[in-house]
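See structure below.
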2 protein chains.
Amino acid sequence: MTKLTVLVTDDDQAIRDGIEIYLKNEGYNVLKAADGEEALAMLQQHEVHLIILDIMMPKMDGITATFKIREERNIPIIMLSAKAEDSDKIHGLSVGADDYVTKPFYPLELLARVKSQLRRYVQLGNYEKEDKITIDGLQLDEAGKEVIVDDVPVQLTPIEYKITELLMRNAGRVFSTREIYERVWNEEAYNAENIVAVHIRKIREKIEADPKHPRYLKVVWGIGYKIEK
Amino acid sequence: MTKLTVLVTDDDQAIRDGIEIYLKNEGYNVLKAADGEEALAMLQQHEVHLIILDIMMPKMDGITATFKIREERNIPIIMLSAKAEDSDKIHGLSVGADDYVTKPFYPLELLARVKSQLRRYVQLGNYEKEDKITIDGLQLDEAGKEVIVDDVPVQLTPIEYKITELLMRNAGRVFSTREIYERVWNEEAYNAENIVAVHIRKIREKIEADPKHPRYLKVVWGIGYKIEK
DNA sequence: CTTTTTCTTAAGGAATTCTTCATAATTGCA
DNA sequence: TGCAATTATGAAGAATTCCTTAAGAAAAAG
């Protein structure tokens, strides 16, 4: 599962930067734009999973931008607006925004809404992950929750599958045992080295012809494990 | 598979248009109607695969419309209602709706429900389905609602048939007990593990030569069941 | 209304997987 | 080479998941 990216659009740099800090803290990638035009340009160039859009901006305001975005995509949009603005007009929900926060806002509230929208978006499958990944003779079959080694289906346990999935979806990248533990178990890693090592070994037993000299699941000494791209 | 068509029925044009944008982005055809009568007329003239129906509408309200539609057809219906409305009346599920969303709603949530219902309808329901599927020595006979194992017809009960159908129409894909329950029973899964397991066993008794070592209906440990492609 | 079939529920047992711990092997570096 | 750090392995008990049985409830058929 790769990092999710949020595009923050506001003409006030202080606000952009403030929001950025909170989002980065939660592990999101953050892109920034100062107006609607910039935001649209960003969308062309980067993979974005959620947009925060201020309504009042120079060049292109948030509502216009929402229309433009909605012509092409269903990505979640959260609108920001000053309290004073007319509540009918600003009810951006009707123009295609998915949620709506009035300024001034509590950063944690915005954060909660970002999370909520992303959860929906990701669960909905709008944010699609490949369901077939092939690396050399190794194939990940997402639908069947199995791995195919040289055309032979291999059953993995849930944990084994998740680890393999993580390494294959990010092939070439090295993951420390700590990282693997946190992403697969979804909890703080404490003394996780050994348990991850045990599972790695089990996976190797199943997918490697010669576990002593692994062809796919390799160790990077002192750092972690990876599957070569 | 050809494009699926959704009929959006609401007396508020802004809502109709808002929903339309999301659905079109997702690749659906969209038809619109302002009240129940219009909706029924639309149904006569066009092929529709799912209906979104507001409850409060002039001329003919959503509940009446649901009754009329259900007299003839089994297509999925999603009801919209204002939060304030009386929870007994609005519990449209009892009058034949398949799902139910309160206003104001998050567009992405509605979209998720539309997708979920359509998936059910298309994959398991009455829409464009093959009426003969063969997997190895296993044959699904839609007309006779039975399964043929090595040329020997086998009678399944309704639930058994539906489970088998789901797994065969999506051969190779793993379904959790929860998913199986929700798709077959068409309701929220609560403590569904056991009941699904019992049915699985019954099916195995009927279609497997050696239920202890199933050839078709396999378990994927910690995840669910599948029938291999 | 009675009989038969199907569905649901509960509970114990069986099988598989996960974790832990002890120990061995390997690597990088002084 | 020898040492320290890191990774690999084996085996056992704990934990989880699945299977099976059986009996009563519900639904369908007669």
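Chain naming here is simple, since letters A, B, ... match the order of the sequence lines and numbering starts at 1 in each. For the numbers below, each heavy atom of this structure counts, side chains included, while hydrogens, waters and symmetry mates do not. Just so we're clear, the structure is a prediction, and the values are computed from it rather than from any experiment.
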Using a cutoff of under 3.5 Å, can you pull out all pairs of nitrogen or oxygen atoms linking the protein to nucleotides 11-13 of chain C, with atom names and distances?
{"residue": "C:dA11", "atom": "N6", "partner": "B:Asn194", "partner atom": "ND2", "Å": "3.1"}

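Rounded to whole Å, atom C1' of C:dT26 lies 17 Å from atom NZ of A:Lys218. If you take NZ of B:Lys162 and P of C:dT6, they are 15 Å apart, rounded to a whole angstrom. Nucleotide C:dA10 holds its C1' atom 14 Å from the CD atom of B:Glu193, rounded to whole Å. Between the CD1 atom of A:Ile159 and the C1' atom of C:dT19 there is a distance of 9 Å, rounded to whole Å. Going from atom CG of B:Asn186 over to atom P of C:dC7 covers 16 Å, rounded to whole Å. If you measure from atom CD of A:Glu205 to atom C1' of C:dT16, you get 15 Å, rounded to the nearest angstrom. Remark: P of C:dA14 and CZ of B:Arg201 are 15 Å apart, rounded to the nearest angstrom. Computed from coordinates, the B:Lys202 NZ to C:dC7 C1' distance equals 10 Å when rounded to whole Å.
Panel note: side chain A:Arg178, backbone A:Ala189; a donor-acceptor pair is recorded below 3.5 Å. Between the side chain of B:Glu179 and the main chain of B:Ser176, a donor-acceptor pair closer than 3.5 Å is present.
At the phosphate of C:dC7, neither OP1 nor OP2 sits under 4.0 Å from any side-chain N or O atom of B:Trp185. Between B:Thr157 and C:dT5, a side-chain N or O to OP1/OP2 separation shorter than 4.0 Å is absent. The side chain of A:His199 contributes an N or O atom lying less than 4.0 Å from OP1 or OP2 of C:dT19.
Here chain A contacts DNA chain D (any atom closer than 4.0 Å to a heavy atom, that is under 4.0 Å), and the contacts span D:dT6 to D:dG10 from 5' to 3'.
A salt bridge does not link B:Glu160 with B:Lys145: none of the charged nitrogens is closer than 4.0 Å to a carboxylate oxygen.
Using a 3.5 Å distance cut-off with no hydrogens or angles, the side chains of A:Glu20 and A:Tyr28 do not pair a donor with an acceptor. In this model, a donor atom of one side chain and an acceptor atom of the other lie less than 3.5 Å apart for B:Tyr161 and B:Glu142. For the residue pair A:Asn74 and B:Glu26, a side-chain donor N or O sits within less than 3.5 Å of a side-chain acceptor on the partner. Remark: the B:Tyr181 side chain and the B:Asn191 side chain contain no N/O donor-acceptor pair separated by less than 3.5 Å.
Applying the side chain to side chain donor-acceptor pair (under 3.5 Å) definition to pairs two or more places apart or across chains, those involving residues 220-229 of chain B are A:Glu146-B:Lys226, B:Lys226-B:Glu228.
Residue A:Ile200 is out of contact with every strand shown, counting any heavy-atom pair closer than 4.0 Å. The residue B:Pro158 sits close only to the backbone: its heavy atoms come under 4.0 Å of sugar-phosphate atoms, none of a base.
The environment of B:Asp210 atom CG is dense: over 12 non-hydrogen atoms of other residues, nucleotides or ligands sit within 6.0 angstrom. The number of heavy atoms from other shown groups lying within 6.0 Å of NZ (B:Lys202) does not exceed 12.
Nearest-nucleotide positions on DNA chain C for A:Lys206 and B:Lys206 put B:Lys206 closer to the 5' end. Projected onto DNA chain C by closest heavy-atom contact, B:Ile195 and B:Lys212 fall at different nucleotides, the more 5' of which corresponds to B:Ile195.
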